[in-house]
Asker: 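Structure in structure tokens, see below.
Proteins come first, then strands; the chains are lettered A, B, ... in the order of their sequence lines, and each starts at number 1.
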There are 2 protein chains.
Amino acid sequence: MNISAASKAAGLPVKTVRYYADIGLVQAPSRSDAGYRTYDDASVRKLVFIRRSREFGFTIEECRELLGLYQDQDRTSAEVKRIASKRLEEIEEKQRELQSLHDELAHLVTSCRGDHRPDCPIIDYLG
Amino acid sequence: MNISAASKAAGLPVKTVRYYADIGLVQAPSRSDAGYRTYDDASVRKLVFIRRSREFGFTIEECRELLGLYQDQDRTSAEVKRIASKRLEEIEEKQRELQSLHDELAHLVTSCRGDHRPDCPIIDYLG
DNA sequence: CTAATCTCTCCAGTAACTGGAAGGTCAAGA
DNA sequence: TCTTGACCTTCCAGTTACTGGAGAGATTAG
């Protein structure tokens, strides 16, 4: 499987797959005579694993950590749960921040008349 | 007012204030004989304006746009409202994404036993 | 007078890619 | 067989919004 087939299968751009190889996250298992990266199902599964983890907001380093657990025969679900729980807490914190941001901005938007008069509560508030 | 006083007053790190000057967002109105940036209340107000806008998730370029309106005598609240509303929609979209992310991850975390057995639904799901 | 603190500029690095240039490879059609 | 176009390679640079640090000059307190 050449890189474009692998990237399609994994749902990632070619550039990103190459990038992941460069940083040693998921390397192509082999190269063709011409130097083309050749991927197999196992490496595509790893790429999918990374894509999903990234979608969950894990950083690349966290992905590396998770992938380590994933490939570790002796991996413990406790460790994975710990990392995922930590991430969940961060997501919840972000949700709270986003909510107060939303409420504040929504309040300003609704209190702004939106006509061509120069008085605008958004600007008054921000300034 | 030297840069550290201005940065305290604006609630921004010194480095960031200098950075904002470098990119031409908020320049120090003058310099001392020794070349020290000297800020006044007006520039501090602009820095506060930027800090708050950034807290609302506006990008630097959006801040530049907002600041232009802010400093424009003929600014229209309609324009400001348009920009703020657009941002609000983006925030709402992000909230929805974060919510589904949260729900999915929360489901996985609760379904993971968290003991030392190697079967872990989080990893099974991600992989 | 000296030591500490402040300020300056410039350079480099961060995260996680993305875009592009220059050049090699491969498969299909005329 | 040649050529066209799609694909692949590496390497370099740029993105966003800063942050850290080096090296050097300025200012202030004791």
Asker: For a quick check, with a 4.0 angstrom heavy-atom cut-off, what is the B/S/- contact string for nucleotides 19-30 of chain D, read 5' to 3'?
Answerer: SBB---BBS---
Asker: Please identify each residue that fulfils side-chain contact (heavy atoms from CB on, under 4.5 Å) with B/Thr38, with sequence neighbours left out.
Answerer: B/Ser30, B/Ser32
Asker: Hey, are the side chains of B/Asp40 and B/Met1 touching, using non-hydrogen atoms and a 4.5 Å cut-off?
Answerer: no
Asker: Determine, step by step, whether A/Leu47 and A/Arg51 satisfy the side-chain contact (heavy atoms from CB on, under 4.5 Å) criterion, reporting the C-alpha distance in whole Å, the side-chain angles of both residues, the deciding distance to 0.1 Å, and the verdict.
Answerer: CA-CA 6 Å; A/Leu47 287 170; A/Arg51 177 175 57 73; over 6 Å; no
Asker: Taking the nucleotide of DNA chain C with the nearest heavy atom to each, does A/Ile60 or B/Gly35 sit closer to the 5' end?
Answerer: B/Gly35
Asker: Provide, to the nearest angstrom, the distance between the CD atom belonging to B/Glu61 and the C1' atom belonging to D/dC18.
Answerer: 14 Å
Asker: Over how many whole Å does the gap from A/Leu47 atom CG to C/dC17 atom P extend?
Answerer: 12 Å
Asker: For residues 14-28 of chain B, dump all side-chain donor-acceptor pairs below 3.5 Å to protein atoms at least two apart in sequence or in another chain.
Answerer:
| residue | atom | partner | partner atom | Å |
| --- | --- | --- | --- | --- |
| B/Gln27 | NE2 | B/Ala21 | O | 3.2 |

Asker: Looking at residues at least two apart in the chain, or sitting in another chain, which of them share a side-chain contact (heavy atoms from CB on, under 4.5 Å) with B/Asn2?
Answerer: B/Tyr36
Asker: Report the C-alpha distance between A/Thr59 and A/Glu62 in whole Å, list the side-chain angles of each, state the deciding distance to 0.1 Å, and finish with yes or no for side-chain contact (heavy atoms from CB on, under 4.5 Å).
Answerer: CA-CA 5 Å; A/Thr59 65; A/Glu62 282 169 335; 3.4 Å; yes
Asker: Would you please enumerate the stems DNA chain D participates in, each stem being three or more consecutive Watson-Crick or G-U wobble pairs with both distances under 3.5 Å?
Answerer: C:1-30 with D:1-30
Asker: Expressed as a whole number of angstroms, how long is the span from B/Tyr39:OH to C/dC6:C1'?
Answerer: 14 Å
Asker: Does B/Arg54 reach a base, just sugar-phosphate, or nothing at all? Heavy atoms under 4.0 Å.
Answerer: sugar-phosphate
Asker: Taking 4.0 Å as the cut-off, does a side-chain nitrogen or oxygen of A/Arg18 come that near to OP1 or OP2 on C/dA16?
Answerer: no
Asker: What's the verdict on side-chain contact (heavy atoms from CB on, under 4.5 Å) for B/Cys63 and B/Arg54, showing C-alpha distance, side-chain angles and the deciding distance?
Answerer: CA-CA 7 Å; B/Cys63 287; B/Arg54 292 282 302 125; 3.9 Å; yes
Asker: So if I take every side-chain heavy atom of A/Tyr20 and compare against D/dT10, C/dC17, D/dA17, which nucleotide ends up nearest?
Answerer: C/dC17
Asker: If you compare all heavy atoms of A/Tyr39 against all heavy atoms of A/Pro29, which two are closest, and at what distance to 0.1 Å?
Answerer: CA-CD, 3.9 Å
Asker: Between B/Asp22 and B/Lys8, which has a closest nucleotide on DNA chain C that is more 5'?
Answerer: B/Lys8
Asker: Please report, rounded to the nearest Å, how far the P atom of C/dC6 is from the CE atom of B/Met1.
Answerer: 16 Å
Asker: Below 4.0 angstrom from OP1 or OP2 of D/dT10, is there any side-chain N or O of A/Arg37?
Answerer: yes
Asker: What residues, two or more places apart in sequence or in another chain, satisfy salt bridge (Lys or Arg N to Asp or Glu O under 4.0 Å) together with B/Glu89?
Answerer: none
Asker: For a quick check of understanding: with a heavy-atom distance under 4.0 Å over all strands, which category does A/Ile3 fall into, base, sugar-phosphate or nothing?
Answerer: sugar-phosphate
Asker: OP1, OP2 of C/dA16 versus side-chain N and O of A/Arg64: anything below 4.0 Å?
Answerer: no
Asker: Between C1' on C/dC8 and CG on B/Asn2, what's the gap in Å once rounded to a whole number?
Answerer: 11 Å
